[in-house]
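Notes follow the structure.
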Amino acid sequence: MPDPMNPAASGHHVRLGSNSGQPMTRRDGAAKVTGTATYAADNRPEGLVHAVFAGASIARGRVTFLDVAAARAHPGVIEIMTPDNRPPLHVNPDEKFHAFAWRTEALQDDTVRYAGQPIAVVIADTLEAATEGARLLAPLYASDPARIGFDQGTRYDPPAVGIGAEADFAKGDLAAGLSAAAQVTETRITTPLQYHNAMEPHAIVAEWTEDRLTLDTPNQAIVMSRNAFAQYFDIPAENVTLRSPYLGGGFGSKAIIVGPQLLAILAARMVQRPVKLVLRRDQMFGPVQHRGATQQVVRLGMEATGRLTALDHHATASTSSFDDFIEPAANASHNLYASPSIRTRHTGVRIDTGTPGSMRAPGEASGSAALECAMDEAAEALGLDPLEFRLRNYAETDPASGKRFSAKALRDCYAQAAARFGWADRPLAPGQMRDEDGLLVGWGMGTCLFPAPMFPARARAVLRADGTAVVETAGADMGQGAWTALAQIAADGVGLPIDKVVFHSGSSDQPDGGVAGGSAHTASAGGALHAAGGDAIRQLAEIAAADPDSPLFGTGNTGVTARDGRLYRSDDDSRSDSYSDIMVRAGLTELTGTGSGARDPANEERRAMFSHGAVFAEVKIDPELFQIRVTRMVGAFAAGRIINPHLATSQLTGGMIWGLSFALHEEGVHDLRTGRAMNADLAGYHVPVNADAPSVEAILVDETDPYVNALGIKGVGEIGITGTVGAIANAVWHATGKRVSSFPIHIDALMG
Amino acid sequence: MNLFDYIRPATLPEAIAAGARPGASYLAGGTALLDLMKIGVAHPGQVVDISRLPGLDRIERLDDGAIRIGALVRNADLARDPGFAAACPAVAEALLSGASAQVRNAATLAGNLMQHTRCAYFQDPHSACNRRNAGAGCDAIGGETRGHAVLGWSDACIATHPSDFAVPLVALDAVVEIAGPDGPRDMPLADFYALPDATTPGGVTLAPGELITALRLPPEAAGFAANARYVKLRERTSFAFALVSAAAMLRIEDDRIAAARVALGGVAARPWRSSAAEAALIGATPGTDIFETAADLMVKGAAASGDNGFKIALARRITTRALTLAAAGTPARMPALPASVFAPVTGTASHA
Ligand SMILES: Cc1cc2nc3c(=O)[nH]c(=O)nc-3n(C[C@H](O)[C@H](O)[C@H](O)COP(=O)(O)OP(=O)(O)OC[C@H]3O[C@@H](n4cnc5c(N)ncnc54)[C@H](O)[C@@H]3O)c2cc1C
Ligand code: SF4
């Protein structure tokens, strides 16, 4: 595999001594646009064969017959894998053996739990032959009625929501808060099933060599998944190599092991050849997770002054019939607005779909949509400007825990975005603005909030006697720019310009880079890289301090500063020594440091840690035909230290466009009778095109967070969605006077 | 995808011979056919690639003033042909409102006219569909029907024809030139798309081996060039099929409407015209009242075929809109968002 990530020096981006903070363009950009970046499905090991799974066309029941003979007779077909002959798995795919294990479908039996579930795998010389073989299986079923939609599903009280989050929460006396309120509003919002639909479908190339397994598959949690794959196949973790240098988008759908990956590995074992399995777009509407649908009710109680007295958020969310992932939507109301009483609750509804999972801002996105719509409605009821209403309920401490925030520059976000947008000119009443062509114009806003978690991550930094360094962590670049931002941090960690640093990432051979999720990757893996560099520099400094031939001899406690390949005495810049001189004199060719990304547990205990932001949106709506266009969005975000403003801005604007997509476009449509997805392609499952987002701007607001982690980094990957959905719906109200009750907002919802 | 023979005939007679064999399908740009093959809706035994047949890629002005467009002319080339766009601006606008630039670069005139309905149940091989399988029934009825027909449907089929291009063409009385084993024939485009009746689903039927060689626009088509618009309503600003659309073309003489052509897209199995609506416009002074009268006549007899009653009101409103825009005059330049309701009346690019 070529290594397009470490081409000959491209140092013109670099300002000496400081890599972080520079707006470097993506280092993998040239490789991607010239087609040399190797995505999983681009791998073609010697002897490769192709696997295609047949998906169930019913949503519930049993497979009673597969025409294996017909499929086998098709030219090029090598083998058919069914529950009757599939090789064993060490872990029952219905077992949840760790927190990130979902119950999956890997041909463990003949039951069908949702439409699109794999029911057999055809392995053939070509993709076409395998595809046709799968069609020829022409399954017969004993089917039971599909349960799709909130009315047909079974309701239950989930023990937990999201991944291990609390399902119910209460603070203060809600009943008292409501009865003390001068006004109470109730807002009902439904959100549909949404499918991640990363541009790159889930893909895997699996190759066995004896009991060693090599996997090329896009993955957001490389070492964790490597370990889990090893467990499924009962081999030592070091026998599995998982390579994932590039992901064509993940959005949460590529962190958890899914059935089709296990099936490809089983197929490779069965035919003793390397196997490639790539999902078709329509196959991504089932076995590879989605965002569950929600029905939400938000009740707000307010004093006449506009202060909240009560916040009650109840979310009902869909999950599969056989596993639990409840979109933790109501939890979005925990940490944003200061209310003396807050209650959040969740109800689950079991329906015949695949199991949902984390989809970019899981819970935060759908929950914020309802909360921000509710806040707008409350502001209207009070006759207050929506921004003013939010300021009157500004939380100085975390409403849920009472803790102080590690940093919260939300006021600045409001002020900067509002000024840039021109919010001050907004008429309070709806339906007041028209543009020169007679289109209805509306302005709306929403607050953005996203937690700043960290995942355990480790890294290694190796200084070399030639004055370069190799740094490694198994990071995941989903397009967000990890190849670039992590390398910038790593270069700072070893005190070298970035073109003197070789960065290895994206493979399970490297130290665990943690999970690229929760908007925590830069903080976690970056923290580890910086610490590893610091560890190497510390060792180098000790060698220099003990070396009589070094200008730094005897430096001891005064310490040194690493900069541009040299160590300088902290108290005397004129005394310095180069890394290579120190190492050559010590007879070293390499010097290795290690580190992990972590947060001071004491800070975790005492502080609430979040990124904040505010989004303002303008919509224009045709007054008769009601087509909606978001003509302008301005967001401002405070997310601690920004490693790369260029990449951070693209994450934030991308998040805002995702919010637009949520508000106006995305919707997995299932036939209520059969359970099948009826828009399982990108012609039917809409996301915005460029013309839908003509003007999107993200302002980076300065924020120093001394508590969140050593580098002061918070996340920017998901927060842009929050706030935006509500801002758009609120702008639609401001243009038309109509409150919407479901997303996406359709033309017919505004007619009448 | 099934195994198939790939045949690339060198001449029209060879193409007709190859296409007449059972299970043969013509391949032009492939943007529609290949998708259907991949999702298991089409399984041709022979794919007859006509994309390199000679002589079918010309745009000609005939002696009588008619315009003749070869079957293989690419959608993008036709829309950007200065002579054609000047003569038939609403057709160019409709073309440019369809699909994406990439699809239009590949898609051909005949392929566009022949494209199948986007009914999700037609595209799902596991659903019953009279169009795919005569007599099987129609699973769309009672299902997800937001985009389905509100005019001219029957219980046999409630699908719409998805082409934008065909909408102004039907309004302009375009004629399809067909070649086949029994020689050439002409057919008005409107008749080319059969409406469903009580038992049969409608759609296009060509005899085995028949193929479209050209499309002809009669000489009077160019007479509407000064007042011709296409408007397309969709929930995404671009790259989406129409929820409803309308082509409106007027010939205005001495401030009165001398001739009028109106057609609706997205509402029926064929672009929908109403002779009553067009007759009502003739002789009238252009204005909202008469446009609304015409719009009412356009949707006369409309009925929801499912959860799509709202489309009737939209069809009426978009007719009025298209007529209003047409009366205001064809913009000097193609709007940056062709056919969009966000393109301003004047056609200048203030919303681009
Ligand atoms: C994502 C997407 C979005 C789209 N959006 C729109 C839209 O908004 N508006 C719109 O109008 N269209 C839209 N289209 C459809 C597009 O216009 C058609 O795919 C295209 O016009 C088909 O042309 P083609 O040459 O590629 O046809 P092909 O795929 O080659 O053929 C299509 C059909 O026509 C038959 N055929 C081809 N040539 C002849 C001939 N000469 N005689 C007889 N039969 C023939 C083929 O056998 C086949 O059945 C969209 C398509 C896609 C994929
Ligand atoms: S509406 Fe027509 S195309 Fe759609 S399923 Fe019914 S018969 Fe088939």
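Reminder, nothing fancy here: chain letters follow the sequence lines and each chain counts from 1. Just so it is clear, the values below take in all heavy atoms, side chains as well, and ignore hydrogens, waters and symmetry mates.
Here B:Asp124 contributes atom CG and A:Asp671 contributes atom CG; the two are 8.5 Å apart, rounded to the nearest 0.5 Å. The distance from the CE atom of B:Met1 to the CZ atom of A:Arg135 is 11.0 Å, given to the nearest 0.5 Å. Taking CZ of A:Arg280 as the reference point, atom NZ of B:Lys38 lies at 10.5 Å (rounded to 0.5 Å). For the atom pair CD (A:Gln627) and CZ (B:Phe342), the distance works out to 4.5 Å, reported to the nearest 0.5 Å. A:Ile747 contributes atom CD1, which lies 10.5 Å from atom CZ of B:Arg234 (distance to the nearest 0.5 angstrom). Taken from CG in A:Asp748 to CG in B:Asp307, the straight-line distance is 9.5 Å, to the nearest 0.5 Å.
Proximity to chain B (any heavy atom under 4.5 Å) is shown, for A:Asp282, by neither the backbone nor the side chain. Heavy atoms closer than 4.5 Å to chain B are found nowhere in A:Leu660, neither backbone nor side chain. Of the two parts of B:Ala240, the backbone and the side chain both hold a non-hydrogen atom closer than 4.5 Å to a non-hydrogen atom of chain A. Only the backbone of A:Ile628 comes within less than 4.5 Å of a heavy atom of chain B; no side-chain atom from C-beta onward does. Neither the backbone nor the side chain of B:Thr320 comes within contact range of chain A, judged by heavy atoms closer than 4.5 Å. Both the backbone and the side chain of B:Tyr121 come within contact range of chain A, each with at least one heavy atom under 4.5 Å from a heavy atom of that chain. Interface remark: A:Val689 contributes backbone and side-chain atoms alike to the contact with chain B (heavy atom separation under 4.5 Å). For B:Asn2, the parts sitting under 4.5 Å from any heavy atom of chain A are the backbone and the side chain alike. The contact between B:Leu243 and chain A is made entirely by side chain atoms (from C-beta outward), counting heavy-atom distances below 4.5 Å.
Nearest heavy-atom pair across A:Arg673 and B:Gly143 is NH2-CA, 3.3 Å. Closest heavy-atom contact between A:Pro75 and B:Leu3: CG-CD1, 3.7 Å.
The candidate with the highest count of non-hydrogen atom pairs below 4.5 Å against chain B, out of A:His74, A:Glu128, A:Met751, A:His670, is A:Met751. Note: B:Gly142 leads B:Gly142, B:Ala313, B:Ala99 in heavy-atom pairs under 4.5 Å with chain A. The candidate with the highest count of non-hydrogen atom pairs below 4.5 Å against chain A, out of B:Gly40, B:Ser127, B:Pro125, B:Ser100, is B:Ser127.
Looking only at distances, a side-chain donor or acceptor of B:Arg236 sits under 3.5 Å from a matching main-chain atom of A:Val687.
With 3.5 Å as the limit, one finds no donor-acceptor pair spanning the side chains of B:Ser340 and A:Arg629. A:His665 and B:Glu235 share no donor-acceptor pair across their side chains, judged by distance under 3.5 Å alone.
Considering B:Arg317, B:Arg321, B:Arg316 as possible partners of A:Glu624, the one that fulfils the side-chain hydrogen bond (donor to acceptor under 3.5 Å, both in side chains) test is B:Arg321.
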